[in-house]
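Please read the structure below before turning to the comments.
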Amino acid sequence: VNGGPNEFLPLAPGMTHPIITALSADGTTTVGYVNGYGGGGRAVTWTGTSTAVMLPNLPGEANAQALGVSANGSVVVGWSGQGYGGSNIPVRWVNGQVESLGLPPECNWAWASGVADDGNTIIGWGWVVGGASRAWRWTPQDGMTLLSPDWAEARSISGDGRTIAGRSAAGSVVWHDGTRLDVQSLIPAATNLSPFTGLT
C-alpha cells in the first residue's frame with residue numbers, strides 16, 4: 001500500500017484458496033471468494049486487513065462469488081447459486097444482506113460483474129439456452145434490461161455508471177449512455193494488429 005510492504009488478508013478457519021476480485025475506491029473493502037465448507041465457493045469481504053467475513057448465499061443455494069464493489073464498500077455484487085454450470089442468479093449484498101437481482105430476459109443463469117460508485121447501477125452477463133451470452137444492466141428504477149440483443153458480455157463500469165465496457169462476438173465494445181460503440185471501428189483500417197485478429 002502506497003509503496004509500503006505487502007498486507008496479508010487473513011482467512012477464517014475452514015476457508016481455503018482465496019481469490020480477490022475487486023477493491024473499493026476508498027481502499028477500505030476487498031471482496032472475492034474462497035473455497036472450503038464442503039468445496040463450494042463462498043463470497044467474502046475483508047475490511048482493511050481484518051479476517052475475511054463470509055457473505056450469505058441466497059436461501060437454498062450452496063455457492064456464491066463476490067465480483068465487484070461500490071466506491072465506499074457498502075454494495076457488493078456477484079452471484080449466488082449452484083456454481084459453474086448451475087443456475088446462478090446475480091445478486092447484490094447491501095451492508096452484508098443478500099438480494100436477488102433476478103435473471104435478465106432470455107437467460108437461464110447470470111452473473112453480476114461490476115457496480116457504479118453509488119451502488120445503484122449494476123452490470124454483468126447471462127447465458128441463454130444454447131450458450132450465447134447477453135450483456136445486461138440493472139438499476140432500482142428500471143430493473144434488469146439487456147444492453148444488446150446479440151452475443152455480448154458487460155465486464156466493467158465507470159464510476160458514474162454512464163459507460164459500460166465489455167466484449168461482443170465481434171470484439172471489444174463500449175456502451176455510453178446506452179449507445180453502443182465497437183472499439184475496433186475506431187482503429188484505422190491500415191493498422192497492423194498482427195498476430196491478433198481482433199480486440200477483446
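These numbers come from the heavy atoms of this one structure, side chains and all, not from hydrogens, waters or symmetry mates.
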Under 4.5 Å between side-chain heavy atoms, hopping through other hydrophobics if needed: is there a path connecting Met15 to Leu9? yes
Arg167 with Asp182: basic N within carboxylate O range, under 4.0 Å | no
Taking the side chain from Asn57 and the backbone from Ala62, do they hold a donor-acceptor pair closer than 3.5 Å?
yes
Q) Can any side-chain N or O of Ser158 pair as donor or acceptor with the backbone N or O of Thr163 at less than 3.5 Å? A) yes
| Would you call Leu181 and Leu186 a side-chain contact if the rule is heavy atoms closer than 4.5 Å? | yes
In this structure, CG of Leu67 is separated from OG1 of Thr21 (nearest 0.5 Å) by 5.0 Å
task = For the residue pair Leu55 and Thr45, establish whether any side-chain heavy-atom pair is separated by less than 4.5 Å.
result = yes
dist Thr121:OG1 -> Asp118:CG (nearest 0.5 Å) comes out at 6.0 Å
Answer whether the closest heavy-atom distance between the side chains of Leu58 and Ile89 falls below 4.5 Å.
yes
Exercise for review: On the 0 to 90° scale, with breaks at 30° and 60°, tag the Trp127-Trp151 ring pair as parallel, tilted or perpendicular.
Suggested key: perpendicular
Answer with yes or no whether the side chains of Glu153 and Ser133 bring together a donor and an acceptor at under 3.5 Å. yes
* Under 3.5 Å, is there a donor-acceptor pair between the side chain of Thr139 and the main chain of Asp142? -> yes
(Q) Has Trp46 got a side-chain atom pairing as donor or acceptor with Pro10's backbone, closer than 3.5 angstrom? (A) yes
>> Taking Asn72's backbone N and O only, do any of them form a donor-acceptor pair with Ser24's side chain (distance below 3.5 Å, no angle check)?
In response: no
task: Step by step, work out the side chain to side chain contact (heavy atoms under 4.5 Å, CB included) result for Val173 and Val183.
output: CA-CA 5 Å; Val173 63; Val183 175; 5.7 Å; no
Worksheet item: Would you find a donor on one side and an acceptor on the other, under 3.5 Å apart, between the side chain of Ser80 and the backbone of Glu61?
Response: no
Using a distance-only test with no angle check, is there a side-chain donor-acceptor pair under 3.5 angstrom linking Asn35 and Arg42? no
**Prompt:** Does Thr30 reach the main-chain N or O of Gly48 with its side chain, forming a donor-acceptor pair under 3.5 Å?
**Reply:** no
Across all chains, not counting sequence neighbours, the side-chain hydrogen bond (donor to acceptor under 3.5 Å, both in side chains) partners of Ser156 are none
Ring-face cation of Arg134 near Trp125 (centre distance under 6.0 Å, axis angle within 45°): no
query: Would you call Met144 and Leu101 a side-chain contact if the rule is heavy atoms closer than 4.5 Å?
result: yes
| task | Given side chain to side chain contact (heavy atoms under 4.5 Å, CB included), test Asn63 with Tyr33 step by step and report yes or no. | result | CA-CA 10 Å; Asn63 302 312; Tyr33 55 95; over 6 Å; no
Exercise. Please step through side chain to side chain contact (heavy atoms under 4.5 Å, CB included) for the pair Val34 and His17, ending with a clear verdict.
Key: CA-CA 6 Å; Val34 296; His17 301 88; over 6 Å; no
Review point. Is there side-chain contact between Val77 and Val91, with heavy atoms separated by less than 4.5 Å?
Key: no
* To do: Using only heavy-atom distances, determine whether the side chains of Ser168 and Arg180 contain a donor-acceptor pair under 3.5 Å.
  => yes
Between the OG1 atom in Thr145 and the CZ atom in Arg137, the distance rounded to the nearest 0.5 Å is 6.0 Å
